[in-house]
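The structure presented is a predicted model; accordingly, all values stated were derived computationally and were not measured.
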Amino acid sequence: MVRVRIVSLLPSATELVAALGLAEALVGRSHECDYPPGVEALPVCTYPKFDPQGSSGEIHARVEQLLQSALSVYGLELATLAALQPTHILTQAQCEVCAVSLADVQAAVRTHLPSRPQVISLQPNTLEDLWQDIRHTAQTLGVDPEPLVSHLQARVQRVQAQVSQRPRPTVVCIEWTDPLMNAGHWVPELVHLAGGQELLGQWGQASAWISWEDLLTANPERLIFMPCGFSLPQTRQAVLELSRDPHWQQLQAVQNHQIYLVDGNHYFNRPGPRLVDSLEILAEILHGIPSGYRSAWQRLQQPSYAECR
């Protein structure tokens, strides 16, 4: 029997494989895979074709230039992949700016990988999709998914029970700040399960660009920032830049000091097992229910005049 050799080209897939007890079967990762601890030692099989450092506006412009030129945003380290001889490659078919495209992976398998690995493509939009991705991946890799699925679902049900009798504050979650983008896919569902009411993001639908007018019309009680791929310090800087806009002070969430920053890179942007951690973080933000992830979010203090200049 051939030993399973897994290359994960997606941080959430790496976390899923590890949660299924298959961390030792991982032989390669994407340049962004950094959890659980130890995976950083694996060979890196992808690279960005743009400079990922800079402001939200600068990063957006670089990615848009690549997309308008019909170029992929990420590349594959083909020699590394071939040398690893994977039996399975995990990737996604959801977002062309989140990871190597499925088409690029399939082309690499056809032309550069003699091991002919099986490609497992993940495309979750809701928590139900996540459960199905876990089951499909586990069954393909020959392990039982139900202990993990049952554990995660029990945590979701616990949060639902804790918030069921509480008032639902209105919320808008922001996935990018320049230009503004709301958070879609699974995030509106997480807000609902955590006892909030998301006003702009559509449950199970892609994130969408929005205008200041959209945000002012929604005028949520709570505003939660989770820029894709940003750490907490990067998120804080992006929000400070956004706060210079003259529309900022018109928002009731700003006036009432209800602005929150979360570590989107490690939680909300990764549709793997830690989406349930993200749900628990939201329940703490919205209702004060301790999550155990207090280092993953912060309430924005009113920025000083010097910071906003």
| Any sub-3.5 Å donor-acceptor pair from Asp245's side-chain atoms to Leu242's backbone N or O? | no
| query | Between OG of Ser278 and CE of Met226, what distance do you get to the nearest 0.5 Å? | reply | 8.0 Å
| field | Contacts of Arg29 that satisfy salt bridge (Lys or Arg N to Asp or Glu O under 4.0 Å) - sequence neighbours left out | value | none
| said: Are the side chains of Glu280 and Val159 in contact, using a 4.5 Å heavy-atom criterion? | reply: yes
| message | We want to know whether Thr217 and Asp214 form a side-chain donor-acceptor pair, criterion being a heavy-atom distance below 3.5 angstrom. | response | no
| said: Working note: Val7 + Val27, criterion side-chain contact (heavy atoms from CB on, under 4.5 Å); need CA distance, chi angles, decisive distance, verdict. | reply: CA-CA 6 Å; Val7 167; Val27 296; 3.8 Å; yes
| request: Group every Ile, Leu, Val, Met, Phe, Trp and Tyr by side-chain heavy-atom contacts under 4.5 Å, then state whether Leu152 and Tyr293 land in the same group. | output: yes
| message | With clusters defined by side-chain heavy atoms of hydrophobic residues (ILVMFWY) lying less than 4.5 Å apart, directly or transitively, does Leu22 cluster with Leu148? | response | yes
| note | In terms of heavy-atom contacts, Ala194 and Leu282 come closest through CB-CB, 3.6 Å
| N/O donor-acceptor pair under 3.5 Å between Glu189 side chain and Leu127 backbone | yes
| message | Main chain of Gln162, side chain of Arg166: is a donor-acceptor contact present, judged purely on distance under 3.5 Å? | response | yes
| said: Applying a strict under-4.5 Å side-chain criterion to I, L, V, M, F, W and Y, I'd like to know whether Leu216 and Val239 cluster together. | reply: yes
| message | Pairing donors with acceptors under 3.5 angstrom, does anything connect the side chains of Glu221 and Thr170? | response | yes
| note | Of all heavy-atom pairs linking Gln250 and Asn219, the shortest is O-OD1, 4.2 Å
| When you measure from the side chain of Asn265 to the backbone N and O of Ser231, does any donor-acceptor pair fall under 3.5 Å? | no
| said: Let me confirm one number: the NE2-CZ distance from His112 to Arg110, rounded to the nearest 0.5 Å. | reply: 10.0 Å
| message | Using side-chain heavy atoms (C-beta onward) and a distance below 4.5 Å, is Val163 in contact with Leu286? | response | no
| task | Report, as yes or no, whether the 6.0 Å neighbourhood of atom CD on Glu213 holds more than 12 heavy atoms from other residues, nucleotides or ligands. | result | yes
| note | The single option from Trp176, Tyr267, Phe225 that satisfies ring-ring contact (aromatic ring centres under 6.0 Å, His included) with Phe230 is Trp176
| Does Glu198 reach the side chain of Leu200, with side-chain heavy atoms less than 4.5 Å apart? | yes
| task | Can you sort out the partners of Gln258 under side-chain hydrogen bond (donor to acceptor under 3.5 Å, both in side chains), two or more places apart, ordered by chain and number? | result | Arg222, Tyr260
| task | To the nearest 0.5 angstrom, please state how far the CG atom of Leu141 sits from the NE2 atom of His136. | result | 9.0 Å
| query | Taking all non-hydrogen atoms of both residues, which atom of Leu215 and which atom of Leu180 are closest, and how far apart? | reply | CD2-CD1, 4.4 Å
| note | Which of Leu279, Leu193, Leu275 passes side-chain contact (heavy atoms from CB on, under 4.5 Å) with Trp186? It is Leu275
| task | Treat each ILVMFWY residue as a node, draw an edge where side-chain heavy atoms are under 4.5 Å apart, and state whether Tyr35 and Val262 are in one component. | result | no
| note | Rounded to the nearest 0.5 Å, the CG atom of Leu9 sits from the CD atom of Glu32 at a distance of 11.0 Å
| Is it true that the NZ or CZ of Arg294 lies under 6.0 Å from the centre of Trp297's six-membered ring and within 45 degrees of the ring axis? | yes
| Quick check: does any side chain N or O of Ser8 sit under 3.5 Å from a backbone N or O of Thr14, one acting as donor and the other as acceptor? | yes
| Which atom pair, heavy atoms only, marks the closest approach of His287 to Pro169? | CE1-CD, 3.9 Å
| said: Are the side chains of Val191 and Trp203 in contact, using a 4.5 Å heavy-atom criterion? | reply: no
| message | Can you confirm whether more than 12 heavy atoms, excluding those of Glu24, are under 6.0 Å from its CD atom? | response | no
| query | Does the Ser150 side chain pair with the main chain of Pro147, one donor and one acceptor, at a distance under 3.5 Å? | reply | no
| field | Side-chain heavy atoms of Ile281 within contact of Asp263, under 4.5 Å | value | no
| Side-chain heavy atoms of Val149 within contact of Glu146, under 4.5 Å | yes
| Under the 3.5 angstrom rule, does the side chain of Arg5 hit a backbone N or O of Pro117 as a donor-acceptor pair? | no
| remark: Tested for side-chain contact (heavy atoms from CB on, under 4.5 Å) against Ile174, the lone hit among Thr235, Ile224, Ile210 is Ile210
| query | Is there a donor-acceptor pair closer than 3.5 Å between any side-chain N or O of Thr80 and the backbone N or O of Cys45? | reply | no
| said: If I take atom OG from residue Ser243 and atom CZ from residue Arg236, how far apart are they, to the nearest 0.5 angstrom? | reply: 9.0 Å
| How about Glu241 and Gln237: does a side-chain donor come under 3.5 Å of a side-chain acceptor? | yes
| field | Thr87 backbone acceptor or donor facing Ser115 side chain under 3.5 Å | value | no
| Considering only heavy atoms from C-beta outward, does the side chain of Leu10 approach that of Leu90 to under 4.5 Å? | no
| query | Are Leu78 and Leu84 connected, step by step, through hydrophobic side chains (Ile, Leu, Val, Met, Phe, Trp, Tyr) whose heavy atoms are closer than 4.5 Å? | reply | yes
| query | For the residue pair Ala13 and Leu122, what are the closest heavy atoms and their distance? | reply | CB-CD1, 3.9 Å
| Distance-only, no hydrogens or angles: does the Glu40 side chain make a donor-acceptor pair with backbone N or O of Gly38 under 3.5 Å? | yes
| request: Evaluate salt bridge (charged side-chain N to carboxylate O under 4.0 Å, His left out) for Arg270 paired with Asp34, printing each intermediate quantity in order. | output: CA-CA 12 Å; Arg270 297 188 182 188; Asp34 56 9; 2.9 Å; yes
| request: Can you see which heavy atom on Thr177 is nearest to which on Ala238, and at what distance? | output: OG1-CB, 3.6 Å
| note | Interatomic distance, OG1@Thr126 vs NE2@His185, rounded to 0.5 Å, equals 11.5 Å
| Heavy-atom side-chain proximity of Gln298 to Leu232 below 4.5 angstrom | yes
